[in-house]
Amino acid sequence: LLDSTRVPVARAHGLKSVDDIAAEVRNGRNQRLMAAVVEAMTTNESFFFRDIKPFEQFKTIVMPQLLARRAATKQLRIWSAACSTGQEPYTLAMLLTEASAQLQGWRIEIIGTDIAPGVLAKARAGLYSQFEVQRGLPVQMLVKHFSQKAEGWEIAPQLRAMINFREFNLLSDMKPLGTFDVVFCRNVLIYFDQPTKADVLSRIRERMKDDGILYLGGAETVLGVSEAFRPVTAQRGLYATTDAAGAVWHGPPDRVRPAVQPSAARVSP
């Protein structure tokens with residue numbers, strides 16, 4: 001990874017080797033170089049409806065219960081941490097738009113954050129290639145929420161307006177972000193050591209409501225890392241706060257079908 005990113009970063013900054021780059025980063029004076037190194041070294045894998053199950057859970061378990069619990073305030077805040085090029089928060093925006101009849105009069109905020117400004121610029125633009133919209137996006141969602149441009153597929157302006165994209169490092173102070181009902185922090189902790197995982201989870205908990213819900217990736221867990229959250233029974237990747245005031249989360253009734261089905265129809269190349 002270092003070798004593959006060394007040449008473009010070194011060339012852009014007039015440096016000759018990894019040692020030169022490392023020396024410049026260590027002295028801390030060249031902020032542009034530091035940002036370029038971070039962007040080059042971060043993994044930006046993302047696609048719409050990634051893994052499907054988390055979004056089934058969101059629509060059939062999390063959203064119905066939160067709508068009932070927040071009926072008095074009619075406010076809902078969702079954080080998509082390490083959102084990369086924006087597919088995760090846009091997927092959530094699509095699901096919320098599909099439930100617009102239930103959300104009349106509600107104030108919904110989706111915050112998408114990432115450490116890399118380049119991927120955030122793409123997320124804000126909401127413009128995706130043919131390949132990107134073929135990865136996980138059901139064709140009916142494409143037709144309904146995107147328009148085709150010469151450069152690719154552009155997501156609807158009303159969906160872009162639902163999301164506030166911000167540059168943010170998960171090791172920074174989270175207080176300015178406010179408080180959230182739902183946090184998606186998927187496929188991020190796997191890159192951190194154990195103490196850093198525990199620290200990030202602890203500080204995420206501080207930014208959540210007492211009955212908040214946390215999403216982690218399929219290969220991630222809070223077990224043995226943090227006591228701030230507990231797994232939701234029979235729901236992989238879904239975690240509730242362990243606060244004494246936290247409400248009990250439960251799965252959907254048997255009559256509820258998964259809201260997001262893997263579609264056999266996909267956009268042709």
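Counting begins at 1 with the first residue of the sequence.
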Please determine whether side chain to side chain contact (heavy atoms under 4.5 Å, CB included) holds for the pair L95 and F49, giving the CA-CA distance in whole Å, both sets of side-chain angles, and the decisive distance to 0.1 Å. CA-CA 10 Å; L95 291 177; F49 291 93; 4.0 Å; yes
Go through the steps to decide whether F146 and M94 satisfy the test side chain to side chain contact (heavy atoms under 4.5 Å, CB included), and finish with yes or no. CA-CA 11 Å; F146 290 76; M94 282 186 265; 4.3 Å; yes
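Both I110 and L120 are part of a single hydrophobic cluster, where members link through side-chain heavy atoms under 4.5 Å apart. I155 and F47 sit in two unconnected hydrophobic clusters of ILVMFWY residues. Membership requires side-chain heavy atoms under 4.5 Å apart, directly or through other members. A continuous path of Ile, Leu, Val, Met, Phe, Trp and Tyr side chains, each step under 4.5 Å between heavy atoms, connects M162 with V62, placing both in one hydrophobic cluster. Hydrophobic cluster membership is shared by V188 and V200, with clusters built from Ile, Leu, Val, Met, Phe, Trp and Tyr side chains linked at under 4.5 angstrom. Note on V143: it does not cluster hydrophobically with F131, by side-chain heavy-atom contacts below 4.5 Å among ILVMFWY residues.
Counting heavy atoms of neighbouring residues, nucleotides and ligands inside a 6.0 Å radius, atom CD of Q148 exceeds 12 of them. By the neighbour-count criterion of 12 heavy atoms within 6.0 Å, atom CZ of R236 is sparsely surrounded, having that number or fewer from other residues, nucleotides or ligands.
Applying the side-chain hydrogen bond (donor to acceptor under 3.5 Å, both in side chains) criterion to T97, with sequence neighbours excluded, gives no partner residue. Here Q102 pairs with L67, A99 under the side-chain contact (heavy atoms from CB on, under 4.5 Å) rule; sequence neighbours left out. Checked against salt bridge (charged side-chain N to carboxylate O under 4.0 Å, His left out), E132 has the following partners two or more places apart in sequence or in another chain: K122. In this structure K197 satisfies the salt bridge (charged side-chain N to carboxylate O under 4.0 Å, His left out) test with no other residue, sequence neighbours excluded. Q104 is linked by a side-chain contact (heavy atoms from CB on, under 4.5 Å) to nothing, counting only residues two or more places apart in sequence or in another chain. Judged as a side-chain hydrogen bond (donor to acceptor under 3.5 Å, both in side chains), and not counting sequence neighbours, the contacts of E88 are S80, R186. Shown here are the ring pair (Phe, Tyr, Trp, His ring centres under 6.0 Å) partners of Y128, two or more places apart in sequence or in another chain: F48. Applying the side-chain hydrogen bond (donor to acceptor under 3.5 Å, both in side chains) criterion to R203, with sequence neighbours excluded, gives D199. Under the side-chain hydrogen bond (donor to acceptor under 3.5 Å, both in side chains) criterion, T196 pairs with D193, sequence neighbours left out.
With values rounded to the nearest 0.5 angstrom, I204 atom CD1 is found 5.0 Å from W79 atom CH2. Between L142 atom CG and S147 atom OG the span is 9.5 Å, to the nearest 0.5 Å. L127 CG to W153 CH2: the interatomic distance, rounded to the nearest 0.5 Å, is 11.5 Å. R107 CZ to L76 CG: the interatomic distance, rounded to the nearest 0.5 Å, is 11.5 Å. For the atom pair CG (L159) and CG (L92), the distance works out to 11.0 Å, reported to the nearest 0.5 Å.
Of all heavy-atom pairs spanning G112 and I163, the tightest one is N-CG2, 4.1 Å. Across R205 and D210, no two heavy atoms sit closer than the pair NH2-OD1, 3.0 Å. When all heavy atoms of L189 and E220 are compared, the closest pair comes out as N-OE2, 2.8 Å. Between Y90 and A123, the closest heavy-atom pair is OH-O, 2.6 Å. Contact detail for L137 and M141: the closest heavy-atom pair is CD1-CB, 3.7 Å. When all heavy atoms of F229 and L201 are compared, the closest pair comes out as CE1-O, 3.5 Å.
For T60 (side chain) and E56 (main-chain N/O), a donor-acceptor pair under 3.5 Å exists by modelled atom type. Using a distance-only test at 3.5 Å, with no hydrogens or angles considered, a donor-acceptor pair links the side chain of D114 to the main chain of S84. Not one N or O on the side chain of R50 forms a donor-acceptor pair closer than 3.5 Å with the backbone of G136. The main-chain N or O of T85 is never found under 3.5 Å from a side-chain atom of S46 such that the two would form a donor-acceptor pair.
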Name every donor-acceptor pair, under 3.5 Å, that has one atom in a side chain of residues 172-182 and the other anywhere in the protein, sequence neighbours excluded.
residue	atom	partner	partner atom	Å
S172	OG	N169	O	3.3
D173	OD1	K175	N	3.0
D181	OD1	R70	NE	2.7
D181	OD1	R70	NH2	2.8
D181	OD2	R77	N	2.7

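Residue pairs meeting the ring pair (Phe, Tyr, Trp, His ring centres under 6.0 Å) criterion with at least one partner in residues 104-126, sequence neighbours excluded, are absent. Residue pairs meeting the ring pair (Phe, Tyr, Trp, His ring centres under 6.0 Å) criterion with at least one member in residues 196-226, sequence neighbours excluded: F184-Y215.
In this structure, L96 and I78 have side chains that are in contact, with non-hydrogen atoms separated by less than 4.5 Å. Two residues are said to be in side-chain contact when any heavy atoms from C-beta on lie closer than 4.5 Å; I111 and F168 fail this criterion.
Only one option out of E98, Q158, Q140, E154 pairs with H145 in a side-chain hydrogen bond (donor to acceptor under 3.5 Å, both in side chains); it is E98. Put simply, the residue from L66, V232, V183 that forms a side chain to side chain contact (heavy atoms under 4.5 Å, CB included) with I213 is V232.
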